[in-house]
Amino acid sequence: MADAIAVPVLALKGVRKSYGIGTPVETEVLHGIDLRLGRGEFCALIGPSGSGKSTLLNIIGLLDRPTSGTLEIEGTTTGDLDDAALTRLRGRSIGFVFQYHYLITAFSAVENVMMPLLVERGRPDDVMRGKAEALLARVGLERWKDSRASHLSGGQQQRVAVARALAADPVLVLADEPTGNLDTKSAEGVFELMRDVNRERGTTFLLVTHNMALARSCDRTIELVDGRVVAGQPA
Amino acid sequence: MNRLLPFEWIAAVRFLHEGRVQSALIVSGVAIGVSVIVFMSALLSGVQGNVIRRTLTAQAHVVVLPREELARPLRDEPGRTAIATVQRQAQRLRSIDQWQTVVEQTRAMPGVLAVSPVAAGPAYAIRGNANKQVTLYGVDPAHHFRIVLLDDKIVAGGTALTGGDILVGTELATDLGLALGDKLRIATTGGLAATLRVVGIFDLGNKGANQRTTYVALRTAQPLLGLTGGVSNIDIALADIYAAETVARSIAARTGLEVDSWIKTNAQFFTAMNAQTLSSMIIRLSVALSVAFGIASVLVVSVVQRSKEIGILRAMGTSRGQILRVFLIQGGIVGLSGSVLGAAMGAGFVGLWRATALNPDGTPLFPLSVDPWLFLAATVIATLSGVVAAITPALRAARLDPVVAIRG
Ligand SMILES: Nc1ncnc2c1ncn2[C@@H]1O[C@H](COP(=O)(O)OP(=O)(O)OP(=O)(O)O)[C@@H](O)[C@H]1O
Ligand SMILES: [Mg+2]
């Protein structure tokens, strides 16, 4: 993995995040995070509740900005980018899977998977649809492609969300407790799916989980306590 | 997904379809508002058009009169007025100087439909022992009855006038027991008189006018009124009735005569009409505003309901502009579909009115005027109002912080 370290998918240096800046309740929740993720890594982010995992994931996902420190995605420094440029970079490079599925209920399963491509290109076309159908087949939901998102079970919805996260061929997929809301069997199924996709496509995954068994089966586990990385940095 | 449509349109249509109960309610609200506006506009322009038509087919749009003979205030020394109030002289019948020239010049003016020299004055209509005060109008039927559309108002006989003929109103005919072919004696204050034959009876739609108005040939009236070779006024009809004031001023400037327009002589009528127009404008505006607020409030609720979906769309690379447009388009679609439905309902109301609001004799109470432009304007304005009403909710949606939306 020498070249993976040479061109990291993700590099954070001294990332700090404070909430309530300029108010009496100003609090720093991330205290200088340094972190690198190489291409194809499958990495778990663990830590107690309130330790800052979601905050860190939102910053990495370009949904939030750090108070200080730098963040690079595939060598692109993100600090100077404006909101529109961040949105474009996010759409191109990063896929999200959230705890509560969050499919768009007005659309069918396959349309949800097409969505990242649709918002990027503006109009639907057959190539998009073909790609979305292939992804749905990959997550085992080919039969359900025309079902309304709200008619699927929790596990099925989360599989659709994984397919959707992959639609734009991102280098990095961020998953915030993707299995936290599922029963054990569905949780394992979704986890295995992500693991397989990671092996097949070499997509880098960073997933927050409270499930230690799942975390142990990742390539690497990063532990966050009170806004500091306490374990899991490569030597 | 329709591949001809861009993402924003697809999402807008899907969101409206998903919330179809809300969408149906607000579209109905818009439709009702638009139908009220359409119907009120048709009613108002129908009423006003009817009044104007009735008024302006029974009178000249512009009247040229002789120069007024002014009495001057008495002064005993310069700058001081001895007798402050000056009574107008009783105006005796005078002819317009050079009236043939004025008639010719006026006929050549653009927008002038008809010009009719008139010799008019007071007279008595006498039959047996009965006698009634009337106004005797000496006219040339070929010109004058293009100003006063008497052919539409004639109830017996015709409008042709030879030297010994007279046309009278229905009221005078009843009072004096006149029928077609009867003889009627006309006497003027100058002691002159003539016996004429009734060849037509008309109804001007107004009791007073039907009592007083009589028409004879210009050459018959002139000597009776002491105006031999002269005319007391020149009546004019215009293509554009609202140009009357301008035309009147330009004739006055050119001839130095006194010229009145119907707009000036009917000032009160105009004030009443303007008040009517204003109050209907206020009603229409209030309806439009409440429709716009309705659309805005439904969309605000929709933005709150969809904040998580908006957050996830933003996370997957949807720009603020795209989110903004999704909601603006929803406002526009609601405005458009509501107004198309409302225009159809308004047309239905107009049809219902036409079928039910009838005089006892089956003729319409008054005609509603349905201008196709009214429908187009209502549709365009409602669609734009929908988009404008959507601005606030759309901005809220576009400014939503995805982090807050997804966590919340
Ligand atoms: N918008 C905010 N304003 C103020 N404080 C915040 C905000 N968001 C998060 N915090 C605080 O930052 C800290 C880290 O929160 P974060 O959600 O990142 O924790 P977490 O590790 O994801 O916890 P969990 O495992 O419960 O999801 C917490 O103390 C939280 O209260
Ligand atoms: Mg969290």
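As the structure is a computational prediction, the values presented were derived from the model and not from experiment. Each chain gets a letter, A, B and so on, in the order its sequence line appears, and its residues count up from 1.
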In terms of heavy-atom pairs under 4.5 Å with chain A, which of B:Ala315, B:Gly311, B:Gly317 leads? B:Ala315
Between the side chains of A:Ser54 and A:Asp176, is a donor N or O closer than 3.5 angstrom to an acceptor N or O? yes
Please classify the contact between B:Pro402 and chain A as side chain, backbone, both or neither, with a heavy-atom cut-off of under 4.5 Å. side chain
Does the A:Gln158 side chain pair with the main chain of A:Thr179, one donor and one acceptor, at a distance under 3.5 Å? no
Hey, what do you get for CD1 (A:Ile60) to CG (A:Leu45), rounding to the nearest 0.5 Å? 7.0 Å
I need the contact set between residues 290-304 of chain B and chain A: heavy-atom distance under 4.5 Å, sorted by residue number. none
Could you verify whether a donor N or O on one side chain and an acceptor N or O on the other, from A:Glu111 and A:Ser108, lie under 3.5 Å apart? yes
Which bit of B:Glu309 comes within less than 4.5 Å of chain A, counting heavy atoms only: side chain, backbone, both or neither? both
Taking it one step at a time, do A:Phe205 and A:Phe191 satisfy ring pair (Phe, Tyr, Trp, His ring centres under 6.0 Å)? CA-CA 11 Å; A:Phe205 276 76; A:Phe191 183 83; 9.4 Å; no
For A:Arg65, does its backbone N or O pair with a side-chain atom of A:Lys17 as donor and acceptor, under 3.5 Å? yes
Here the side chain to side chain donor-acceptor pair (under 3.5 Å) pairs for residues 39-49 of chain B, sequence neighbours left out, are B:Ser41-B:Arg284, B:Ser45-B:Ser369, B:Gln48-B:Gln276, B:Gln48-B:Thr277
Taking only heavy atoms into account, what residues of residues 8-19 of chain B are found under 4.5 Å from chain A? B:Ile10, B:Ala11, B:Arg14, B:Phe15, B:Glu18
Quick one: what part of B:Arg320 sits under 4.5 Å from any heavy atom of chain A, side chain, backbone, both or neither? side chain
Just to verify, what does B:Ala382 make a side chain to side chain contact (heavy atoms under 4.5 Å, CB included) with, not counting sequence neighbours? B:Val34, B:Ser339
